[in-house]
K.L.:
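Structure incoming, see below.
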Amino acid sequence: MEWITTMRQSTVSLVMALVLAPIPLWADEAVLRDDFDGKDFAPEGGLYYRDNFEQSAGSVEFQSDVTRSGSGALKLSVRPNCAPESEGCSERAEIWERTALRVPYDHGAWYAFALRFAKHIPQDDHRYVMAQWKREIGPDADGDFSPFLALRMRSGVMFATVETNFVAPPASAPRPADGICPEGWAPVWLRPETRQMRVLVAEAPDLSTKIVPEFDHCTDQVQVVGPAVLPSAEAEWHDYAFFTKPGPNGDGLIHIVADGALVATATGRIGHDDIGLGANQYFKFGPYRDAGKGEWTLFYDNFTRSPQCDAVLPASICGEFE
């Protein structure tokens with residue numbers, strides 16, 4: 001595709017600019033790229049497959065049969081590894097950024113990758129996650145904190161959420177109508193028992209009534225500008241780009257781009273600010289689900305992370321975010 005060629009040329013220009021211009025301290029190792037064309041993770045990509053019990057449910061394959069571009073792409077699969085209906089047990093095949101390369105929590109970064117579902121796409125009412133961004137959690141933190149941004153699927157429907165600390169809506173707050181809140185408000189799932197709340201920021205066109213009942217309140221702590229329409233879950237390639245800058249005190253900013261078009265921009269309270277949380281954000285991608293049945297497979301290609309938009313998207317699209 002022409003814009004992929006343009007993106008590669010922009011990456012070269014970006015590297016030259018970084019050599020010549022002052023850059024943030026974290027950007028010394030900020031431009032990461034892996035096209036998955038080799039037999040292992042590229043050193044310049046900064047990625048690895050984490051080894052633990054949950055990840056033992058997964059498999060990672062560098063293969064050439066299904067690719068977005070180039071000669072290879074990553075095939076990630078999970079299989080049943082937990083006892084049926086077990087609580088608190090998950091099955092993962094996630095790829096992580098190396099710890100030393102994580103982005104500071106108060107900085108913004110662009111991430112891009114191509115995603116394709118294998119032909120068997122789960123349709124059950126179950127938690128499936130394809131990509132997530134979190135804040136580091138230290139040993140002194142109280143509780144488990146959900147991703148401040150996540151690309152999810154349930155009942156075969158894709159949707160994206162942001163998470164932040166719980167803020168009770170006023171008594172006069174509107175309620176969603178068919179999953180839609182008035183301008184200036186966003187659908188939210190209130191979770192005071194975990195001191196968190198989850199905001200729906202985008203969904204696939206086939207959302208219907210499968211997801212929206214969970215987001216049964218409206219919040220004005222996060223504002224979302226659309227069209228907020230994600231591609232459907234399908235055995236076709238789609239190109240994604242995300243800008244992530246958490247701001248739990250109200251200055252958060254998220255951009256979601258799919259196939260070269262803006263999906264949604266979310267602003268306001270995004271992320272967590274609790275005792276014991278770390279200084280960095282971190283990203284991981286790949287299939288993640290609660291204890292499940294059968295095998296679930298995803299393909300990924302063309303991973304890039306950069307502080308600059310034009311390393312992951314054409315300059316014509318990046319102009320929308322200036």
K.L.:
So, the side chain of Tyr111 versus the backbone of Trp133: is there a donor-acceptor pair under 3.5 Å, distance only?
P.N.:
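No, Tyr111 side chain to Trp133 backbone: no donor-acceptor pair under 3.5 Å.
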
K.L.:
Does the side chain to side chain contact (heavy atoms under 4.5 Å, CB included) test come out yes or no for Met158 and Ser232, once each step is laid out?
P.N.:
CA-CA 6 Å; Met158 291 185 64; Ser232 297; over 6 Å; no

K.L.:
Closest heavy-atom contact between Ala204 and Val157?
P.N.:
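Here Ala204 and Val157 meet closest at CB-CG1, 4.4 Å.
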
K.L.:
Taking all atoms of both residues into account, what is the closest heavy-atom pair of Asp301 and Gly72, and its distance?
P.N.:
OD2-O, 3.2 Å

K.L.:
Please assess Arg154 against Glu214 for the test side chain to side chain contact (heavy atoms under 4.5 Å, CB included), listing each intermediate value before the final yes or no.
P.N.:
CA-CA 12 Å; Arg154 201 169 76 225; Glu214 186 171 75; 3.4 Å; yes

K.L.:
Please check: side-chain N/O of Arg68 versus main-chain N/O of Leu115, any donor-acceptor pairing under 3.5 Å?
P.N.:
no

K.L.:
Using modelled atom types and a 3.5 Å cut-off, is there a donor and acceptor pairing between side-chain atoms of Gln308 and backbone atoms of Trp110?
P.N.:
no

K.L.:
Please report the shortest heavy-atom distance between Pro182 and Cys218, naming the atom on each side.
P.N.:
CD-SG, 4.3 Å

K.L.:
Please examine the side chains of Arg191 and Met197, heavy atoms only from C-beta on, and report whether any two atoms are closer than 4.5 Å.
P.N.:
no

K.L.:
Rounded to the nearest 0.5 Å, how far apart are CG of Leu149 and CG of Leu151?
P.N.:
8.0 Å

K.L.:
Indicate yes or no for a side-chain donor-acceptor contact from Glu234 to the backbone of Glu236 under 3.5 Å, with no hydrogens or angles considered.
P.N.:
no

K.L.:
Working to the nearest 0.5 Å, report the span between CG of Asp144 and CD1 of Ile137.
P.N.:
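Reported value, rounded in 0.5 Å steps: 5.5 Å.
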
K.L.:
Please check this pair: side chain of Asp37 against backbone of Ser71, looking for a donor-acceptor N/O pair closer than 3.5 Å.
P.N.:
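At least one qualifying donor-acceptor pair exists.
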
K.L.:
If you define the side chain from C-beta out and look only at heavy atoms, does anything of Val66 sit under 4.5 Å from Trp237?
P.N.:
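In contact.
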
K.L.:
In terms of hydrophobic clusters joined by side-chain contacts under 4.5 Å, are Val78 and Tyr49 together?
P.N.:
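Yes, because Val78 and Tyr49 connect within a single hydrophobic cluster, where side-chain heavy atoms sit under 4.5 Å apart.
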
K.L.:
With a 3.5 Å cut-off and no angle check, do the side chains of Ser306 and Arg33 form a donor-acceptor pair?
P.N.:
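Looking only at side-chain atoms, Arg33 and Ser306 do not form any donor-acceptor pair under 3.5 Å.
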
K.L.:
Any non-hydrogen side-chain atom of Thr265 less than 4.5 Å from a side-chain atom of Leu253?
P.N.:
yes

K.L.:
Kindly indicate whether a cation-pi arrangement holds for Arg98 with Trp96, taking the cut-offs as under 6.0 Å to the six-membered ring centre and within 45° of the axis.
P.N.:
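The answer is no, since Arg98 fails at least one limit relative to Trp96.
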
K.L.:
Look up atom OG1 in Thr67 and atom CG in Leu74, then write down how far apart they are to the nearest 0.5 Å.
P.N.:
12.5 Å

K.L.:
For residues Ser69 and Asn302, is any side-chain donor paired with an opposing acceptor at under 3.5 Å?
P.N.:
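On atom types as modelled, these side chains qualify, holding a pair under 3.5 Å.
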
K.L.:
Looking at Glu193, I'd like to know if its CD atom is crowded, meaning that more than 12 non-hydrogen atoms belonging to other residues, nucleotides or ligands lie closer than 6.0 Å.
P.N.:
yes

K.L.:
Same cluster or not: are Val312 and Ile317 linked, directly or through other Ile, Leu, Val, Met, Phe, Trp or Tyr residues, by side-chain heavy atoms under 4.5 angstrom apart?
P.N.:
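Result: yes, single cluster for both.
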
K.L.:
Under the 6.0 Å and 45° cation-pi test, does Arg92 pair with Tyr288?
P.N.:
yes

K.L.:
How long is the gap from CD on Glu87 to SG on Cys89, to the nearest 0.5 Å?
P.N.:
10.5 Å

K.L.:
May I ask you to say whether Arg79 pairs ionically with Glu91, meaning some side-chain N is under 4.0 Å from a carboxylate O?
P.N.:
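Salt bridge absent between Arg79 and Glu91.
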
K.L.:
Salt bridge between Glu163 and Arg198, side-chain N to carboxylate O under 4.0 Å?
P.N.:
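Looking at Glu163 and Arg198, the cut-off is met.
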
K.L.:
Does any part of the side chain of Pro187, heavy atoms only, come nearer than 4.5 Å to the side chain of Thr219, both counted from C-beta?
P.N.:
no

K.L.:
Looking only at heavy atoms, what is the nearest atom pair of Ala264 and Ala228, with distance?
P.N.:
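Closest approach of Ala264 to Ala228: CB-CA, 4.1 Å.
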
K.L.:
Quick check: does any side chain N or O of Gln123 sit under 3.5 Å from a backbone N or O of Ile121, one acting as donor and the other as acceptor?
P.N.:
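Yes, because the side chain of Gln123 sits within donor-acceptor range (under 3.5 Å) of the backbone of Ile121.
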
K.L.:
Quick check: closest heavy atoms across Leu230 and Ala160, and the distance to 0.1 Å?
P.N.:
CD1-N, 3.7 Å

K.L.:
With respect to Phe113, which candidate in Phe242, Phe303, Phe36 satisfies the ring-ring contact (aromatic ring centres under 6.0 Å, His included) definition?
P.N.:
Phe242

K.L.:
Contact between Val257 and Tyr240 at the side-chain level, heavy atoms closer than 4.5 Å - yes or no?
P.N.:
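The answer is no; the side chains never approach within 4.5 Å.
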
K.L.:
Taking it one step at a time, do Asp273 and Asn165 satisfy side-chain hydrogen bond (donor to acceptor under 3.5 Å, both in side chains)?
P.N.:
CA-CA 7 Å; Asp273 187 18; Asn165 292 116; over 6 Å; no

K.L.:
State plainly whether one hydrophobic cluster holds both Leu47 and Leu32, where clusters connect Ile, Leu, Val, Met, Phe, Trp and Tyr through side-chain heavy atoms under 4.5 angstrom apart.
P.N.:
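Per the 4.5 Å side-chain linkage, Leu47 and Leu32 are co-clustered.
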
K.L.:
Is there a side-chain contact between Val263 and Val229 in this structure, where contact means two heavy atoms from C-beta onward sitting under 4.5 Å apart?
P.N.:
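The answer is no, as the side chains (C-beta and beyond) never meet within the 4.5 Å cut-off.
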
K.L.:
Name the residue from Val224, Thr244, Val222 that meets the side chain to side chain contact (heavy atoms under 4.5 Å, CB included) definition with Val162.
P.N.:
Val222

K.L.:
In this structure, are over 12 heavy atoms from other groups packed under 6.0 Å from Asn52 atom CG?
P.N.:
yes

K.L.:
Do the side chains of Glu97 and Tyr48 get nearer than 4.5 Å, heavy atoms only?
P.N.:
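They are not in side-chain contact.
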
K.L.:
Does the salt bridge (charged side-chain N to carboxylate O under 4.0 Å, His left out) test come out yes or no for Arg50 and Glu94, once each step is laid out?
P.N.:
CA-CA 7 Å; Arg50 199 176 183 98; Glu94 292 182 313; over 6 Å; no

K.L.:
Can you check whether Arg152 reaches Arg127 side chain to side chain, under 4.5 Å on heavy atoms?
P.N.:
yes

K.L.:
Relative to each other, are the rings of Trp296 and Phe117 parallel, tilted or perpendicular (30° and 60° limits)?
P.N.:
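Judged by the thresholds at 30° and 60°, the geometry between Trp296 and Phe117 is tilted.
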
K.L.:
Using atom types as modelled and distance alone, determine if a side-chain donor or acceptor of Asp124 lies under 3.5 Å from a backbone N or O of His126.
P.N.:
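Flag not set: sc Asp124 to bb His126 has no pair under 3.5 Å.
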
K.L.:
Is there a donor-acceptor contact under 3.5 Å from the side chain of Gln223 to the main chain of Asp220?
P.N.:
yes

K.L.:
Can you check whether Phe148's main-chain N or O pairs, donor with acceptor, with Lys134's side chain at less than 3.5 Å?
P.N.:
no

K.L.:
How close do Ala266 and Val201 get, heavy atom to heavy atom, and via which atoms?
P.N.:
CB-CG1, 4.1 Å

K.L.:
Donor-acceptor pair, Gln132 side chain versus Phe283 backbone, under 3.5 Å?
P.N.:
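No, the answer is negative, given that no donor and acceptor are paired below the 3.5 Å cut-off.
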
K.L.:
Give a yes or no on whether Val167 and Val188 share a hydrophobic cluster (residues Ile, Leu, Val, Met, Phe, Trp, Tyr; joining criterion: side-chain heavy atoms under 4.5 Å apart).
P.N.:
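Same cluster: Val167 reaches Val188 through Ile, Leu, Val, Met, Phe, Trp or Tyr contacts under 4.5 Å.
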
K.L.:
How about Ser56 and Asn81: does a side-chain donor come under 3.5 Å of a side-chain acceptor?
P.N.:
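Side chains of Ser56 and Asn81: pair found under 3.5 Å.
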
K.L.:
Determine, step by step, whether His238 and Asp259 satisfy the side-chain hydrogen bond (donor to acceptor under 3.5 Å, both in side chains) criterion, reporting the C-alpha distance in whole Å, the side-chain angles of both residues, the deciding distance to 0.1 Å, and the verdict.
P.N.:
CA-CA 6 Å; His238 293 285; Asp259 297 328; 2.7 Å; yes

K.L.:
Between Glu136 and Arg102, is there a salt bridge with N-O shorter than 4.0 Å?
P.N.:
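Result for this pair is yes, salt bridge flagged.
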
K.L.:
Can you confirm if the NZ or CZ of Arg289 lies within 45° of the ring axis of Tyr128 and under 6.0 Å from the centre of its six-membered ring?
P.N.:
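No - Arg289 does not lie over the ring of Tyr128 by the 6.0 Å and 45° rule.
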
K.L.:
Whether Asp251 and Arg269 form a salt bridge (side-chain N of Lys/Arg under 4.0 Å from carboxylate O of Asp/Glu) is what I want to check.
P.N.:
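No, this pair does not count.
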
K.L.:
Can you tell me how far CZ of Arg135 sits from CZ of Phe145, rounded to the nearest 0.5 angstrom?
P.N.:
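Phe145 atom CZ to Arg135 atom CZ measures 9.5 Å (nearest 0.5 Å).
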
K.L.:
Taking the six-membered ring for Trp, are Phe321 and His255 parallel (under 30°), tilted (30 to 60°) or perpendicular (over 60°)?
P.N.:
tilted

K.L.:
Should Lys245 and Asp106 be marked as a salt bridge (charged side-chain N to carboxylate O under 4.0 Å, His left out) after you check the CA-CA gap, both sets of side-chain angles, and the distance that decides it?
P.N.:
CA-CA 7 Å; Lys245 183 184 179 300; Asp106 58 354; over 6 Å; no

K.L.:
In terms of hydrophobic clustering (I, L, V, M, F, W, Y; side-chain heavy atoms under 4.5 Å; direct or indirect links), are Leu190 and Val199 co-clustered?
P.N.:
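Yes, one cluster joins them.
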
